2 protein chains.
Amino acid sequence: MTATPRPVGHHHGDLRNALEEAALELVAERGANGFSLSEASRRAGVTKAAPYRHYADREDLLASLVLRCYRMQEQRFGAAMESASDPADALAAFARAYVQFAADESALFQLTFGGSIRKQDHPDVQEAGDRLLHTLTEKPRALGLEDERSLDLVRNVAASSHGFAVFHLEGVIPDLSSALDAAEVAARHLASDVS
Amino acid sequence: MTATPRPVGHHHGDLRNALEEAALELVAERGANGFSLSEASRRAGVTKAAPYRHYADREDLLASLVLRCYRMQEQRFGAAMESASDPADALAAFARAYVQFAADESALFQLTFGGSIRKQDHPDVQEAGDRLLHTLTEKPRALGLEDERSLDLVRNVAASSHGFAVFHLEGVIPDLSSALDAAEVAARHLASDVS
DNA sequence: GTCTATAGCTGGATAGAC
DNA sequence: GTCTATCCAGCTATAGAC
């Protein structure tokens, strides 16, 4: 969104990236469904045959973006929790980072969770999602939580935060600060749970 | 889903309904994007010109389904909270009903929140969503909460529950009972909030 | 690794008969 | 209120030249 995809003429070193950026533009403009290989190729400055050198088909490009989403989340959420010194703070930071990510990367987020791709058909995507969850449990675990408890909490905080993120994007909670705060409050409550 | 849409030949009394049922079938089979007027018409046993007697265009049919979703939610969530005798119980019941609804009516739910329609373009949809939220605040209000507090709580519980609903549908929390329980726990925590 | 060209299909929407 | 017929646009995907 910030990186201008240069008005290219012929060949760039990185068509994959140009196509994926164009795809995100399309999703941002037209909604989760508004993506087409043809239009993305047009915007990347290549013909619509070119993508097939890099992707098996249309879905494959989308799947690549979903993977990118998981990778970015792993990085951002990990960074957000890094400096926390107890599980509650870690989960609070995670919740805020979750909502913030959805706001910052709304196209990617919508694409990942808008049902645009059938994740069952892409084992690597499915697996990346699982791995993300497990990676994120490491921090709270390192801060003293049991394995299973940490996994449960991370999953529940993620779920709850997801709802606040969606409600923010949908305009039900228009104010980002409110959404961030609400997600954090919910996360801290879940973290204090003793059941 | 339970009502077989009869193998019709010509004219039914209720093409609108037949088309909308077919649309939900399509969403269930192919994902939130898998809907097309052509295919829905085919399944309803009419030509693809017929829908235009009932809908301005493709989006109009989808919008009608989103309205149906809001109407059903209003009814189901209202019923769920009915017998509650204090705000916490009401919100707990609301949370469970929210997740249960998503599970029962997953096609309708995905369609409503999967970005299939641009709600901005349909003022009636936007308004129905707002009204739903306000209607739902009545019960907790009747049980003693202040107006603003009730609205905030209902919105936050809805958001949190939404996340659990989505995570259940996405397979992150595969077990429905777990999702229901987790949503309820989160709701009760939010309800006990004093900030 | 990208281009041109093309095949083949599906979908949205309209006009006019019944 | 549905049908037939038709138009046009857009998309996915492949073949073969450069």
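Worth saying up front: this structure is predicted, and the values here are computed from it rather than measured. Reminder, nothing fancy here: chain letters follow the sequence lines and each chain counts from 1.
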- Those residues at least two apart in sequence (or on a different chain) that pass side-chain contact (heavy atoms from CB on, under 4.5 Å) with R53(A) are none
- Kindly point out which of dT2(C), dT2(D), dT14(D) is positioned nearest to the side chain of A50(A)? dT2(C)
- Task: Indicate the atoms forming the closest heavy-atom contact of L67(B) with A128(B), along with that distance.
- Result: CD2-CB, 3.5 Å
- Query: Are any of the side-chain nitrogens in R30(A) or E39(A) under 4.0 Å away from the carboxylate oxygens of its partner?
  - Reply: yes
Distance-only donor-acceptor hits, side chain of residues 56-65 of chain A, under 3.5 Å, sequence neighbours excluded:
from   : atom 1 : to      : atom 2 : distance (Å)
D57(A) : OD1    : E59(A)  : N      : 3.3
D57(A) : OD1    : D60(A)  : N      : 3.0
R58(A) : NH1    : F35(A)  : O      : 3.0
E59(A) : OE1    : H122(A) : NE2    : 3.1
D60(A) : OD2    : A56(A)  : N      : 3.1
S64(A) : OG     : R16(A)  : NH2    : 3.4
S64(A) : OG     : E20(A)  : OE2    : 2.8

- Task: Please report, rounded to the nearest Å, how far the P atom of dG1(D) is from the CG atom of D14(B).
- Result: 12 Å
List, with names and distances, any nitrogen or oxygen atoms from the protein found under 3.5 Å away from nitrogen or oxygen atoms belonging to nucleotides 16-18 of chain D.
none

- Query: Of all the choices, dG1(D), dC3(D), dC3(C), which nucleotide is nearest to the side chain of A49(A) once you look at every atom?
  - Reply: dC3(C)
- Query: Are R131(B) and E138(B) ion-paired here, with the side-chain N under 4.0 Å from a carboxylate O?
  - Reply: no
- Item | Salt-bridge present (R43(B), E29(B); N to O < 4.0 Å) | yes
- Query: Atom NE2 of H54(B) to atom C1' of dA13(C): distance rounded to whole Å?
  - Reply: 16 Å
- Can you name the side chain to side chain donor-acceptor pair (under 3.5 Å) partners of N33(A), sequence neighbours left out? none
- Message: Could you work out, with ring pair (Phe, Tyr, Trp, His ring centres under 6.0 Å) as the rule, every residue matching H168(A), not counting sequence neighbours?
- Response: none
- Item | Side-chain N or O of T47(B) closer than 4.0 Å to phosphate OP1/OP2 of dC3(D) | yes
Are any protein N/O atoms closer than 3.5 Å to N/O atoms in nucleotides 6-12 of chain C? If there are, list each pair with its distance.
from    : atom 1 : to     : atom 2 : distance (Å)
dG11(C) : OP1    : S36(B) : OG     : 3.2
dG11(C) : OP2    : R42(B) : NH2    : 3.1
dG12(C) : OP1    : L37(B) : N      : 3.3
dG12(C) : OP1    : R58(B) : NH1    : 3.1
dG12(C) : OP2    : L37(B) : N      : 2.9
dG12(C) : OP2    : S38(B) : N      : 3.0
dG12(C) : OP2    : S38(B) : OG     : 3.4
dG12(C) : O6     : K48(B) : NZ     : 2.7

